[in-house]
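This one's a predicted model, so the numbers in the text were calculated from it and none came from an experiment. Position 1 is the first residue of the sequence, and the numbers go up from there. Atoms within each ligand, like the ligands themselves, are counted from 1 in listed order.
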Amino acid sequence: MASRPFDVTIIGGGIVGLATAMEMAQRHPRLGLLVLEKEKEIALHQTGHNSGVIHSGIYYRPGSIKAETCVTGRKALIEFCDAEGIPYDLCGKVIVATSEEELPRLEELCRRGSANGVQGLEMIGPERLKEIEPHAYGIKALHAPSTGIIDFPRVAHAYAGRIRRRGGEIRTSQEVKKIMSADGGLVLETSSAEFRSKYLINCAGLFSDRVAKMVSGRSEGEPESDLRIIPFRGEYYMIVPERRSLVRGLIYPVADPRFPFLGVHFTRTIHGEVEAGPNAVLALAREGYQKTDFTGKYWRTGFGEMHRSFSKPAFVKALQRLLPEIKAEDLVPGGAGVRAQAVSGTGALLDDFVIKESANAIHVLNAPSPGATSSIAIGRAIVEMATKSFSLNS
Ligand SMILES: Cc1cc2nc3c(=O)[nH]c(=O)nc-3n(C[C@H](O)[C@H](O)[C@H](O)COP(=O)(O)OP(=O)(O)OC[C@H]3O[C@@H](n4cnc5c(N)ncnc54)[C@H](O)[C@@H]3O)c2cc1C
């Protein structure tokens with residue numbers, strides 16, 4: 001038995017789907033709005049397994065969607081948290097160069113950050129670095145005082161609260177398995193129900209490519225057909241409580257710009273723990289949170305990271321470049337996260353966020369980091385797109 005028809009259905013109860021629904025409910029309060037989430041709870045996947053960093057917008061190519069939505073999304077996120085009483089800490093971050101050869105890249109990051117409008121960025125020497133992070137080693141560093149930490153699942157639950165207060169419905173344990181066209185709209189089939197909706201917004205994270213392919217009536221060669229999600233698994237260690245004082249805020253290396261990874265870093269969490277990692281590896285199981293959940297060939301850039309995943313000494317060595325006092329016994333295994341990284345038909349890793357439209361659907365096909373920081377800005381951009389493309393007027 002199909003439900004009452006909805007106007008807009010969002011697939012995916014992660015932070016991007018929920019931010020989009022929240023913005024939709026605010027801008028179009030009279031629309032019938034539905035969010036479908038396959039798990040028993042919202043925010044269990046990327047949103048519930050990330051580093052909890054409110055990024056300031058340093059890394060991204062000026063003019064990219066990432067750069068724009070990170071800076072505006074950060075501001076919107078902080079306003080939202082102030083309004084909702086959600087704690088965050090703008091503890092600041094240092095990106096640390098440990099060798100001369102990293103200096104040009106560090107300077108490039110400083111230029112990028114400034115071009116992106118990041119406030120308060122400053123190149124600092126070893127003395128100032130010692131004041132900010134007394135145990136870090138570096139010959140030079142970039143200090144970003146506007147970077148912060150937060151509990152993103154808590155933010156996602158607060159978005160859900162607003163959606164419900166504005167009349168939107170969120171249905172969990174509803175995995176969309178099939179999408180059919182009918183009467184000018186869509187029928188979404190889950191394991192236990194059918195939902196009718198005029199329009200669809202696909203925010204399915206690690207499964208967004210598969211959901212895009214479910215939309216029937218898509219003619220060959222439409223944009224979403226050539227993108228695939230490659231899941232990268234990241235493992236974390238935690239610093240034992242008695243050694244947490246080695247890290248005050250966030251200590252990062254100078255990232256290699258060829259890869260969309262930030263390198264092995266230290267992150268203080270809003271709950272007072274200190275995470276070290278991640279060890280990014282290719283995870284062929286899309287929601288593989290256990291080491292044994294992946295098999296097969298590694299992505300070519302993942303090889304070094306893969307090695308670290310199985311060799312604690314190699315991992316500790318990478319950490320010691322930034323924090324010489326850290327020892328293997330200071331680290332205990334922590335959690336793992338799997339990031340959805342889109343690759344193009346030719347196999348290139350796509351750096352920027354990717355949002356595509358088809359007849360009566362919008363698909364978010366690449367929303368890796370800083371997707372949680374950017375979520376409100378991404379939501380606004382999608383609602384803007386939907387308003388035009390679906391001719392929404394209520
Ligand atoms: C290890 C790691 C660290 C990160 N660190 C940061 C950070 O510090 N700061 C930051 O800003 N960003 C960070 N990110 C990125 C950030 O977490 C993501 O950009 C963000 O969570 C993406 O949200 P999402 O809603 O697109 O995806 P998800 O949170 O993965 O949500 C997608 C949802 O869709 C559901 N779904 C999938 N298929 C279906 C279906 N067929 N039917 C119904 N539901 C379905 C899933 O169950 C899931 O709940 C990190 C990511 C990872 C993995």
Atoms in ligand 1 flagged as close to [X], the criterion being non-hydrogen separation under 4.0 Å:
| X | answer |
| --- | --- |
| Gln174 | 42 (N), 43 (C) |
| Val53 | 7 (C), 8 (O), 9 (N), 10 (C), 11 (O) |
| Pro368 | 15 (C), 19 (O) |
| Leu36 | 43 (C), 44 (N) |

With the threshold set at 4.0 Å, does a side-chain nitrogen-carboxylate oxygen contact exist between [X] and [Y]?
| X | Y | result |
| --- | --- | --- |
| Asp89 | Arg268 | no |
| Arg165 | Glu84 | yes |
| Glu384 | Lys388 | yes |
| Lys66 | Asp352 | no |
| Glu127 | Lys130 | no |
| Glu23 | Arg27 | no |

So is [X] close enough to ligand 1, meaning a heavy atom under 4.0 angstrom away?
| X | value |
| --- | --- |
| Arg210 | no |
| Val338 | yes |
| Leu44 | no |
| Phe232 | no |
| Gly234 | no |

Looking only at the side chains, is there a donor atom on one of Ser389 and Glu357 sitting less than 3.5 Å from an acceptor on the other? yes
Tyr88-Asp82 side chain donor-acceptor pair, cut-off 3.5 Å: yes
Only heavy atoms count here, so choose which of Glu39, His49, Arg339 is nearest to atom 2 (C) of ligand 1. His49
Out of Gly371, Ala367, Cys203, indicate the one that has the non-hydrogen atom closest to atom 22 (C) of ligand 1. Ala367
Would you say [X] and ligand 1 have an N/O pair spaced under 3.5 Å apart?
| X | answer |
| --- | --- |
| Ile15 | yes |
| Phe152 | no |
| Val16 | yes |
| Thr47 | yes |
| Asn50 | yes |

What part of Ser374, side chain, backbone, both or neither, has a heavy atom within less than 4.0 angstrom of ligand 1? neither
Using a 4.0 Å heavy-atom threshold (strictly under), name the region of Tyr236 that reaches ligand 1: side chain, backbone, both or neither. side chain
Donor-acceptor pair, distance only, cut-off 3.5 Å: does the side chain of Glu133 make one with the backbone of Arg248? yes
Indicate every side-chain donor-acceptor pair of residues 326-337 with a distance under 3.5 Å to a residue at least two apart or in another chain.
unit_1	atom_1	unit_2	atom_2	d
Asp330	OD1	Arg243	NE	3.2
Asp330	OD2	Arg243	NE	3.1
Asp330	OD2	Arg243	NH2	3.2
Asp330	OD2	Lys327	N	2.8

Which residues pass the side-chain hydrogen bond (donor to acceptor under 3.5 Å, both in side chains) test with Ser114, sequence neighbours left out? none
